[in-house]
Amino acid sequence: MSVVALIDFDPATRAATGHRLADADEPLLQVAELGATRGDGIFETASLVRGHVQALEAHLERFVQSAAMLQLPAPDVDVWRDAVRAVGGALTEAGVAEGAIKFVLTRGIEGTGVPTGWVHGTVSPDFAADRADGVRIVLLDRGYRHDVPRTAPWLLAGAKTLSYAINRAALRESARRGADDVLFLSSDGYLLEGPTSTLVLRIGPRLVTPRIDLGILAGTTQADLFTWAESEGFPTGYELLTPADLADADAAWLVSSVRHVAPIRAVDGVERAVDAELTARMNDALDARTA
Ligand SMILES: Cc1ncc(COP(=O)(O)O)c(C=O)c1O
């Protein structure tokens with residue numbers, strides 16, 4: 001089950017004018033599409049739960065920020081919001097309870113100067129086991145210092161670009177090492193993020209996550225989780241964290257839009273404690289979101 005909406009752009013002004021639903025089984029992209037040939041574009045993936053696209057405004061905000069970092073035309077958030085909701089509505093009408101909606105903006109077909117945009121909705125994989133039993137992770141060097149956004153902004157650290165080949169290679173490396181997922185480290189030894197997720201630690205009563213000025217994505221799920229956590233009385237914070245902090249933490253999770261909260265049950269082959277009760281409360285809170 002797959003639903004696609006194409007974003008229409010006015011070739012003269014390059015402004016988005018609206019969207020139309022398209023047949024997901026038809027060829028819809030051209031071979032000179034820079035998103036495909038150069039990974040020159042941005043994307044977001046939002047979760048759809050029982051008819052609600054979750055954290056849509058935060059995803060749209062990050063989409064706009066990523067576009068600015070790549071000097072792409074600023075997305076018209078009203079057009080994109082309508083398109084994402086239309087895809088969510090069609091999936092829901094087709095009986096999809098949990099879905100993933102990816103929206104993509106690229107520099108377009110080479111030579112035209114007109115962007116390409118689309119929204120693609122699918123059924124979510126079943127993440128029940130990851131959410132309940134947890135994931136084994138490995139720590140992998142990302143090869144950049146923690147201050148790379150300031151020293152080398154052209155590396156686009158912190159933008160959600162289509163260039164995810166490295167993130168996928170890291171996941172294959174984790175599988176080779178018998179693990180399920182990855183936590184990247186800066187070359188100078190700070191905890192960063194997963195290839196598709198944000199790290200959250202519980203240290204005593206506090207929930208903490210790495211600072212977002214380290215060239216990592218500002219997680220929409222982590223932000224909603226912290227809002228909930230504050231309302232439940234957990235202080236929260238953004239910090240510079242090291243592997244020692246992870247080892248000493250009372251509990252650790254990778255959090256992301258579609259999988260939600262997955263407890264970390266082993267790091268580099270060393271088993272660690274899982275807080276099953278808090279994990280379940282977190283997943284219930286995220287699941288219950290209606291926006
Ligand atoms: C590199 C990276 N970090 C963090 C996240 C988590 O972000 P979100 O909670 O908004 O899904 C993602 C999501 O795919 C990601 O790709």
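These numbers come from the heavy atoms of this one structure, side chains and all, not from hydrogens, waters or symmetry mates. When a ligand or atom number is given, it counts from 1 through the structure's own listing order.
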Ligand 1 atoms nearer than 4.0 angstrom to some heavy atom of Glu193 are 1 (C), 2 (C), 3 (N), 4 (C)

Heavy-atom proximity to atom 13 (C) of ligand 1 ranks first, among Asp224, Thr196, Ile212, Val258, for Thr196

With heavy atoms and a 4.0 Å threshold, my read on which part of Leu217 contacts ligand 1 is side chain

Worksheet item: Below 4.0 Å from any atom of ligand 1, is there a heavy atom belonging to Gly194?
Response: yes

Quick note on ligand 1: atoms under 4.0 Å from a heavy atom of Arg62 include exactly 7 (O), 8 (P), 10 (O)

Closest to atom 9 (O) of ligand 1 among protein heavy atoms sits Thr221 OG1, 2.6 Å

Counting from 1 in the order shown, the ligand 1 atoms closer than 4.0 Å to a non-hydrogen atom of Thr198 are 4 (C), 6 (C)

| message | Taking the basic N atoms (NZ, or NE/NH1/NH2) and the acidic carboxylate oxygens, is any pair closer than 4.0 Å for Arg81 and Asp78? | response | yes

Atom 16 (O) of ligand 1 sits nearest the protein heavy atom Tyr164 OH, 2.6 Å

Checking heavy-atom distances from atom 10 (O) of ligand 1 to each of Ile216, Thr220, Asn167, the winner is Thr220

For Ser257, the ligand 1 atoms with a heavy-atom partner under 4.0 Å come out as 8 (P), 9 (O), 10 (O), 11 (O)

So for Ser197 against ligand 1, with non-hydrogen atoms under 4.0 Å, the contacting part is backbone

For Leu278, the hydrophobic cluster (side chain heavy atoms closer than 4.5 Å, chained through members) also holds Val200, Leu207, Leu225, Phe226, Trp228, Phe234, Tyr238, Trp253, Val255, Val261, Met282, Leu286

Describe, in one word, how the ring planes of Phe103 and Trp80 are oriented to each other, choosing from parallel (under 30°), tilted (30 to 60°) and perpendicular (over 60°).
tilted

More than 12 heavy atoms of other residues, nucleotides or ligands under 6.0 Å from CZ of Arg145: yes or no?
no

Answer yes or no: does an N/O atom from Thr45 fall short of 3.5 Å to an N/O atom of ligand 1?
no

Note: Pro195, heavy atoms under 4.0 Å from ligand 1, region reported as backbone

#### Entry: Short side-chain donor-acceptor distance under 3.5 Å, Thr106 and Glu33
yes

Taken in chain and number order and not counting sequence neighbours, the residues that satisfy salt bridge (Lys or Arg N to Asp or Glu O under 4.0 Å) with Asp188 are none

Examine Val87 and Leu6 and state if one hydrophobic cluster contains both, with Ile, Leu, Val, Met, Phe, Trp and Tyr joined whenever side-chain heavy atoms are less than 4.5 Å apart. no

Among non-hydrogen protein atoms, atom 14 (O) of ligand 1 lies closest to Lys160 NZ, 2.9 Å

Checklist entry - Does the side chain of Ser2 pick up a donor-acceptor pair with the side chain of His120 at under 3.5 Å? => result yes

In terms of side-chain heavy atoms, does Thr242 have a donor or acceptor partner in Asp245 at a distance below 3.5 Å?
yes

